[in-house]
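One structure below.
Remember, predicted model here, so these are calculated numbers, not experimental data. Computation of the quantities below employed the complete heavy-atom set of this structure, encompassing side-chain atoms and omitting hydrogens, waters and symmetry-equivalent molecules.
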Number of protein chains: 2
Amino acid sequence: MHLVKVGLYMAQKTEETKTKTISVIIVEDFKLTRVGLRCALNANEDINVVAEAEDAVEGLKLIEKHKPDVILMDLGLPGMNGIEAMVKCKEMMCDSKIIALTSHDRCEEVIAALSSGASAYCLKDIDPQKLADVVRDVSTGVCWIDPMVAQMTLNALPKIDNIGFLPNKSSSEGRVPLTEREFEVLKHLVSGKSNTEIAKELIVSVHTAKAHVCSILQKMCVNDRVQAAVKAVKEGMV
Amino acid sequence: MHLVKVGLYMAQKTEETKTKTISVIIVEDFKLTRVGLRCALNANEDINVVAEAEDAVEGLKLIEKHKPDVILMDLGLPGMNGIEAMVKCKEMMCDSKIIALTSHDRCEEVIAALSSGASAYCLKDIDPQKLADVVRDVSTGVCWIDPMVAQMTLNALPKIDNIGFLPNKSSSEGRVPLTEREFEVLKHLVSGKSNTEIAKELIVSVHTAKAHVCSILQKMCVNDRVQAAVKAVKEGMV
DNA sequence: CAATAAATTAGACAATCGGGTAATGGATTA
DNA sequence: TAATCCATTACCCGATTGTCTAATTTATTG
């Protein structure tokens with residue numbers, strides 16, 4: 001019975017998600033931990049540790065070079081800490097998902113990490129195989145938070161008055177989705193670039209950039225790029 | 001390979017928490033969805049759906065009676081909605097972990113659910129086997145959030161000043177604080193108002209508004225109002 | 001009291017923005 | 001095949017933006 005289940009699960013995995021391996025970069029100062037992480041992850045054939053760094057500066061270089069799917073980031077690094085590194089990472093328009101890894105469970109550290117770009121928070125005593133699962137989850141965009149700190153994270157969320165919460169209203173109804181290209185433009189827009197700069201980045205004319213921005217504004221139902229940027233940030237579109 | 005992993009994981013579990021199977025209660029108004037959920041979960045021998053309810057009132061009774069490990073709670077219930085039910089659930093000192101289940105991806109709904117007692121947020125198009133994984137995860141206390149809404153949730157977390165995190169850096173050193181008036185202007189700026197509109201709101205001339213904006217940009221070390229707005233939102237200044 | 005900072009106003013200027021309209025080629029779909 | 005959507009480019013035009021210099025008034029602080 002159990003065998004059947006696992007079999008089914010693997011078969012399903014193979015068809016859907018496991019078409020390519022997940023590339024991972026490890027940023028961790030302790031050599032021993034680094035080796036342990038690498039071994040634990042590389043034991044999974046769908047996960048591939050492509051590089052390792054022992055400090056944030058080196059890590060950022062490797063991240064920019066390899067553009068991995070997932071980054072395992074230790075928070076307690078010498079020099080630039082993991083949180084600063086994550087912020088820098090986001091600034092360089094990096095799409096990699098970040099797993100914050102630490103042995104601490106201080107509330108501020110958890111919140112700081114998650115609000116600075118981490119998609120997951122793991123304590124270092126995590127089961128190695130579980131970590132592999134988290135890597136897979138996070139690579140698809142899931143937010144995963146260790147049991148030890150999950151509650152304090154949830155408590156930190158702003159309480160929303162649930163009056164006026166209407167189950168009837170369908171949200172994404174009249175919403176026109178942005179095209180891929182428009183999303184690219186939106187990212188640059190959010191980073192504060194002018195149309196000219198966006199055009200330069202995407203190697204198109206200013207007219208094209210303007211056309212995309214115009215279209216974005218209409219689809220997002222906003223009047224100017226500031227509103228678009230704020231809405232994008234608040235709704236987590238970028 | 002996979003078998004070994006499952007074996008190890010279960011062995012570990014057995015010592016700690018999983019001496020018995022995970023009991024689950026489903027609260028969902030659509031009969032068809034209810035059947036689907038039950039089948040998907042009961043196909044796993046370590047998960048046992050002990051009861052089902054089609055509305056919140058009935059659900060709460062069953063929860064009090066069975067005290068399940070995990071509750072699958074639909075948010076769009078008739079009468080008392082899922083969020084109210086979760087609040088009531090916490091009030092009755094219930095230790096069950098709650099998975100919020102919905103097809104909506106509205107930001108307020110997500111935050112409301114997670115801040116009202118849910119440990120996980122799943123969209124209904126989740127893979128059935130994945131849902132079983134989430135049930136296992138959540139039963140150990142993990143916080144799990146669907147990729148579709150993960151980013152917006154993380155963005156809702158309060159931003160913590162991450163400088164000063166390390167013993168090295170002295171925290172808000174070279175930072176010039178905004179004046180009260182400038183904060184007012186910033187708020188309007190973030191809401192996407194033009195200088196003219198800001199001036200009208202504050203009953204000052206456009207020149208004044210512009211002067212404030214100019215000063216804000218310099219103090220925040222950004223080049224334009226878009227960057228200022230994004231930074232303000234990201235750092236939770238507004 | 002004097003000095004400093006903040007808020008206010010003004011004029012001017014180059015650059016950018018947002019909204020039109022319109023055309024072309026490529027890809028996908030009906 | 002025709003229709004549709006997307007990306008691209010172009011031009012025009014009025015409105016807006018960001019920076020500059022410069023001046024006045026009002027608090028606040030030493």
Side-chain angles (χ1 to χ4, degrees), chain A residues 16 19 91 93 95 171-235 237-238, chain B residues 148 171-235 237-238:
Chain A
E16 292 179 23
T19 46
E91 280 173 3
M93 310 253 316
D95 287 332
S171 67
S172 47
E173 184 181 301
R175 263 163 64 184
V176 188
L178 298 189
T179 67
E180 239 178 83
R181 196 59 162 167
E182 287 164 350
F183 258 115
E184 286 184 71
V185 173
L186 182 61
K187 280 188 201 171
H188 291 292
L189 192 156
V190 169
S191 77
K193 291 197 171 67
S194 71
N195 291 337
T196 315
E197 290 169 320
I198 295 173
K200 212 163 283 173
E201 287 281 343
L202 303 184
I203 323 192
V204 294
S205 80
V206 191
H207 303 100
T208 309
K210 282 177 70 173
H212 285 311
V213 169
C214 237
S215 160
I216 289 171
L217 298 186
Q218 286 169 355
K219 286 185 178 177
M220 290 180 73
C221 300
V222 293
N223 298 317
D224 56 62
R225 54 174 52 217
V226 177
Q227 288 176 2
V230 170
K231 191 166 185 174
V233 172
K234 283 191 175 171
E235 300 199 357
M237 300 172 66
V238 288
Chain B
M148 288 294 292
S171 87
S172 48
E173 186 182 293
R175 268 165 61 180
V176 188
L178 298 189
T179 67
E180 240 177 83
R181 197 59 162 169
E182 286 164 351
F183 258 115
E184 286 184 72
V185 174
L186 182 61
K187 280 185 201 169
H188 291 292
L189 190 156
V190 169
S191 78
K193 290 196 171 68
S194 71
N195 291 336
T196 315
E197 289 170 320
I198 294 174
K200 212 163 283 174
E201 287 282 343
L202 303 183
I203 323 190
V204 293
S205 81
V206 191
H207 302 99
T208 310
K210 284 175 72 171
H212 286 311
V213 169
C214 220
S215 159
I216 289 171
L217 299 187
Q218 286 169 354
K219 286 184 179 177
M220 289 179 74
C221 301
V222 294
N223 298 317
D224 56 63
R225 55 175 51 219
V226 178
Q227 288 175 4
V230 170
K231 190 166 186 173
V233 172
K234 283 192 174 172
E235 300 198 356
M237 300 171 67
V238 288

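Atom NZ of Lys200(B) is surrounded by 12 or fewer heavy atoms from other residues, nucleotides or ligands within 6.0 Å.
In terms of heavy atoms, Ala229(B) sits closest to Val190(B) at CA-CG2, 3.9 Å. Nearest approach of Val204(B) to Ala209(B), heavy atoms of both residues: CG2-N, 4.4 Å. For the residue pair Leu189(A) and Val226(B), the shortest heavy atom distance occurs at O-CG1, 3.4 Å. Nearest heavy atom pair, residue Ile216(A) against residue Leu186(A), reads CD1-N, 3.9 Å. Scanning both residues, Met220(B) and Ala232(B), for their nearest heavy atoms gives CE-N, 4.1 Å.
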Arg181(B)/His212(B) under side-chain contact (heavy atoms from CB on, under 4.5 Å): CA gap, chis, key distance, verdict: CA-CA 8 Å; Arg181(B) 197 59 162 169; His212(B) 286 311; 3.6 Å; yes

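Val206(A) comes within 4.0 angstrom of no nucleic acid atom, judged by non-hydrogen atoms across all strands.
Going from atom NZ of Lys193(B) over to atom C1' of dT16(D) covers 17 Å, rounded to whole Å. The CG-P distance, from Asn195(B) to dT19(D), rounds to 11 Å in whole Å. The interatomic distance linking Lys210(B) (NZ) with dT21(D) (P) rounds to 15 Å, in whole Å. The distance between atom NE2 of His207(B) and atom P of dA23(D), rounded to the nearest whole Å, is 16 Å.
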Heavy-atom protein contacts under 4.0 Å, nucleotides 24-30 of chain D, coded B base, S sugar-phosphate only, - none: -------

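Taking Glu201(B) as the reference, nothing meets the salt bridge (charged side-chain N to carboxylate O under 4.0 Å, His left out) condition, with sequence neighbours excluded. Residues satisfying the side chain to side chain donor-acceptor pair (under 3.5 Å) test with Glu182(B), not counting sequence neighbours, are Thr179(B), Ser215(B), Lys219(B).
First and last contacting nucleotides of DNA chain C toward chain B (any atom under 4.0 angstrom from a heavy atom, 5' to 3' order): dA6(C) to dA12(C).
With dT16(D), dC20(D), dG18(D) as the candidates, the nucleotide lying closest to the side chain of Ser194(B) is dT16(D).
Using modelled atom types, one side-chain atom of Asp224(B) and one backbone atom of Gln227(B) make a donor-acceptor pair closer than 3.5 Å. When atom types are taken as modelled, the side chain of Lys231(B) and the backbone of Val222(B) share no donor-acceptor pair closer than 3.5 angstrom.
Between Glu184(B) and Lys187(B) no salt bridge is recorded (no basic side-chain N to carboxylate O distance below 4.0 Å).
Helix-axis bend for the helix from dC1(C)-dG30(D) to dA30(C)-dT1(D): the local axis fitted to the five terminal pairs at one end deviates from that at the other end by 50°, rounded to 10°.
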At a cut-off of 3.5 Å, list every protein nitrogen or oxygen paired with a nitrogen or oxygen from nucleotides 3-8 of chain D, distance to 0.1 Å.
unit_1 : atom_1 : unit_2    : atom_2 : d
dA7(D) : OP1    : Thr179(A) : OG1    : 3.0
dA7(D) : OP1    : Arg181(A) : N      : 3.4
dA7(D) : OP2    : Thr179(A) : OG1    : 3.0
dT8(D) : OP1    : Arg181(A) : NE     : 3.3
dT8(D) : OP1    : Arg181(A) : NH2    : 2.9
dT8(D) : OP2    : Arg181(A) : NE     : 3.0
dT8(D) : OP2    : His212(A) : NE2    : 2.9

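Using a 4.5 Å heavy-atom cutoff, the side chains of Met93(A) and His188(A) are in contact.
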